2 protein chains.
Amino acid sequence: MQTRRTTLADVARAAGVSKATASRVLGGSADRVSDELRERVLRAAADLDYVPNPHAQALARAVSPLVALIVHDVADPYFSEIARGVFHAAAESDRLVMICNTFRDPDRELAYLRTLRAQRVQAVLVAGTARSGFELGSEVAAELDLYRAEGGQVAVMVAGHGYPAAVPDDRGGGRQVGEHLLALGHRQTAVIAGPSGVGSVDERLAGFLDALVGSGAPEPVVVHSDFTRRGGADAVDEILAARPGTTAIFAHNDLMAVGAIRRLAAAGRRVPDDVSVAGFDDMPLAEDLQPPLTTVRVPLAELGAEALRMALDGAPGDETRLFETTLVARGSTAPVDGR
Amino acid sequence: MQTRRTTLADVARAAGVSKATASRVLGGSADRVSDELRERVLRAAADLDYVPNPHAQALARAVSPLVALIVHDVADPYFSEIARGVFHAAAESDRLVMICNTFRDPDRELAYLRTLRAQRVQAVLVAGTARSGFELGSEVAAELDLYRAEGGQVAVMVAGHGYPAAVPDDRGGGRQVGEHLLALGHRQTAVIAGPSGVGSVDERLAGFLDALVGSGAPEPVVVHSDFTRRGGADAVDEILAARPGTTAIFAHNDLMAVGAIRRLAAAGRRVPDDVSVAGFDDMPLAEDLQPPLTTVRVPLAELGAEALRMALDGAPGDETRLFETTLVARGSTAPVDGR
DNA sequence: TAGGGTTCTGTAACCGGTTTCGAAACCGGT
DNA sequence: ACCGGTTTCGAAACCGGTTACAGAACCCTA
């Protein structure tokens, strides 16, 4: 039966004023209105249960109070933790958040970006991008630039090029893992890296190599794989084939580490007795796994919150805020000769 | 430098037609347009890189292609799994999804609902509601009804009252757990229930009691607690105090089960040797825990997807689709005398 | 008391689309 | 050549707000 919504005009009529005055008092405009009229308008609005139409506002004001967060997959703990941070920061300034799930599909990502631009959302935060790395000049970058040219704010959470960025110190984290494993006496190492071309992957790897250099340990076996449990498991097969004597594995995220541990068990290797495994991100439950996972804590929620603030504050394109990572040593790593 | 967006009027001018015709060809209207003009308009739109402004469309059409999903917390695996399903279903019909995080705050939930109503989103899906149960007549229900009266679609994923619902067979799941524990010989049981008043909590508990009835086993100790790890851990203290001889615990979700296992370990009880623990939901990683968690699988993603379809298809308010649950027996439960 | 400056309010244009309605063009049939 | 019926198209109204602009009312000063 489609009841009609009450509009600003209804309120104005009920209060006996013009739409303009009603808008002024309701819309929080800078213009002043006499106390009496203000009172009348507010009462009328309350009586009629008036709620402004955000589309009309967005159209008139040419901006909507929406913020978009682009992720690969909300169900991935990495992204859902970032999302949590973004939501918290958004609540502070009374803004709504729209999460866009690309499922790592570049086309979908692009489609979202176009929609968001059209939607004139106030800010878009890119937590993960489907194209590898998103170089300047890519379609994604072009779309983002267009968006910015039209007044939108952008912040990214991947090693950025030209956008304000809030990123974890991936390189430092990688180094911490390297040092940890070295200290435990490991020399035959391997790393299960994320998809090649992704910025954080290169950084984590570089940090790890930084630590190894000069230690006399041989180069690690490096296998690129998906950021999933399955990816981690499959990588183990390759590693075992390439270097059967591997005693320590550094997986680029916790999910891969879990998969690796499972596959190692299936292959008859005990963790950490036969081979140590370290992850990255310190996802929830990492400490409840079998065995508890040694990993690197990344302040993902703060990262998301900060990204939003940077975007809203209009941080300059070359500003990058680095977030410290900390190694969390747990049961999945042990001294090489320790049994 | 704020470049102006290209509007429909620009396209129309470039194509030498009126706004009306341009709208007709671009907006997928039913009205027919000659092939020649259609061609001209399409070319102009492509040349100018035209993207329609969804706010203007929403304003004119009185509906926006947005779908909202209300959850307590995206970072909770229960909800992120539902979200994943919703995203998939939304992608099928080319719709965008807005996730609203209430953090279990009733005021925030209400605020979201009002905004969504104003926003004229096409559908709102309620996966979790902050008020206990959301009875008919509550503020939330009032807001939802208002929304529906204005043409919005609603579907819920909690035991509903008057809304189309896609819900798991919580009662059946509870019964499965009860039967499982009984079959293992347990008689001194306890249940860590979710917050009292929540529909699914009552159902899971009722199912569990269904199984116990007639078995001769004494009534379980029931402790209500938060759906968190912490909640599960704290509940263990109460249970141990109330019935020290407890040999099996049914936690209403996996997170609580994890917390319970940890606290039991701290109290010197081994799982499953001394006490068996079963969870609910079969969250990702449940099988990788220490020990692997016996739990009940709930098809959350399908549930979310189905809820969206029901809403969009305008399912009647009394329609409830029940999703089968299946018990997944793993290492956290064992025969009562089995050591 | 006239003149100038504030302060408040209303009119109307505008944001960028969609859609109603009527005019114009075209059709085949007498 | 004339006519009723379709089809195609454009002018203009509308969706529901915001805001530039101008007028009215008020104040204070000379």
Side-chain angles (χ1 to χ4, degrees), chain A residues 2-42 44-45 48-65 114-115 117-121 150-151, chain B residues 2-41 44-45 48-66 114-115 117-121 150-151:
Chain A
Q2 285 284 81
T3 52
R4 209 179 59 83
R5 286 197 48 208
T6 85
T7 81
L8 185 65
D10 297 332
V11 176
R13 198 175 315 117
V17 302
S18 71
K19 268 172 65 184
T21 341
S23 170
R24 283 190 262 258
V25 6
L26 263 8
S29 154
D31 293 2
R32 296 207 50 75
V33 175
S34 73
D35 287 348
E36 195 214 319
L37 289 197
R38 161 180 311 277
E39 184 57 31
R40 290 225 305 267
V41 170
L42 287 177
L48 298 174
D49 196 23
Y50 170 71
V51 180
N53 180 329
H55 293 300
Q57 288 183 315
L59 191 56
R61 292 209 261 240
V63 63
S64 90
R114 309 192 108 231
T115 309
R117 173 162 75 88
Q119 194 114 8
R120 292 176 169 292
V121 299
E150 289 168 6
Chain B
Q2 285 285 81
T3 50
R4 210 180 58 84
R5 286 196 47 209
T6 83
T7 80
L8 185 64
D10 299 329
V11 175
R13 198 175 316 115
V17 302
S18 72
K19 271 173 63 184
T21 3
S23 170
R24 283 190 261 258
V25 5
L26 264 9
S29 152
D31 293 2
R32 295 206 52 74
V33 174
S34 73
D35 288 348
E36 197 213 318
L37 289 197
R38 162 179 309 277
E39 184 56 32
R40 291 225 305 266
V41 170
L48 298 175
D49 195 23
Y50 170 72
V51 181
N53 180 329
H55 292 301
Q57 289 183 316
L59 191 56
R61 292 209 262 242
V63 63
S64 91
L66 235 50
R114 309 192 108 232
T115 310
R117 173 160 74 88
Q119 193 114 8
R120 291 177 170 290
V121 299
E150 288 168 6

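This structure is a prediction, so every number in the text was calculated from the model and none was measured. Convention: sequence-line order gives letters A, B, ...; per-chain numbering from 1. Because only heavy atoms are used, hydrogens play no part in the values below, and waters and symmetry mates are left out as well, while side chains stay in.
- Counting only heavy atoms from C-beta on, Q57(A) has its side chain closest to dG17(D) among dT18(C), dG10(C), dG17(D).
- Checking the phosphate oxygens (OP1, OP2) of dG10(C), a side-chain nitrogen or oxygen of T21(A) falls inside 4.0 Å.
- Residue whose closest nucleotide on DNA chain D sits further toward the 5' end, between A56(B) and A20(B): A20(B).
- Of the listed nucleotides (dG17(D), dG10(C), dC9(D)), dG17(D) has the atom at the smallest distance from the side chain of A60(A).
- The base of dG10(C) lies outside donor-acceptor range of the side chain of K19(A), with no N or O pair under 3.5 Å.
- Atom CG of L37(B) and atom C1' of dT7(D) are 13 Å apart (whole Å).
- Across all strands shown, dG29(C) forms a Watson-Crick or G-U wobble pair, both distances under 3.5 Å, with dC2(D).
- As a whole-Å value, the separation of L59(B) CG from dT18(D) P is 12 Å.
- Of the side-chain N and O atoms in S23(B), one or more sit less than 4.0 angstrom from OP1 or OP2 of dT18(C).
- For dT9(C), one of the phosphate oxygens OP1 or OP2 lies less than 4.0 angstrom from a side-chain nitrogen or oxygen of S34(A).
- Of the side-chain N and O atoms in T7(B), none sit less than 4.0 angstrom from OP1 or OP2 of dG16(C).
- Computed from coordinates, the R24(A) CZ to dG16(D) P distance equals 21 Å when rounded to whole Å.
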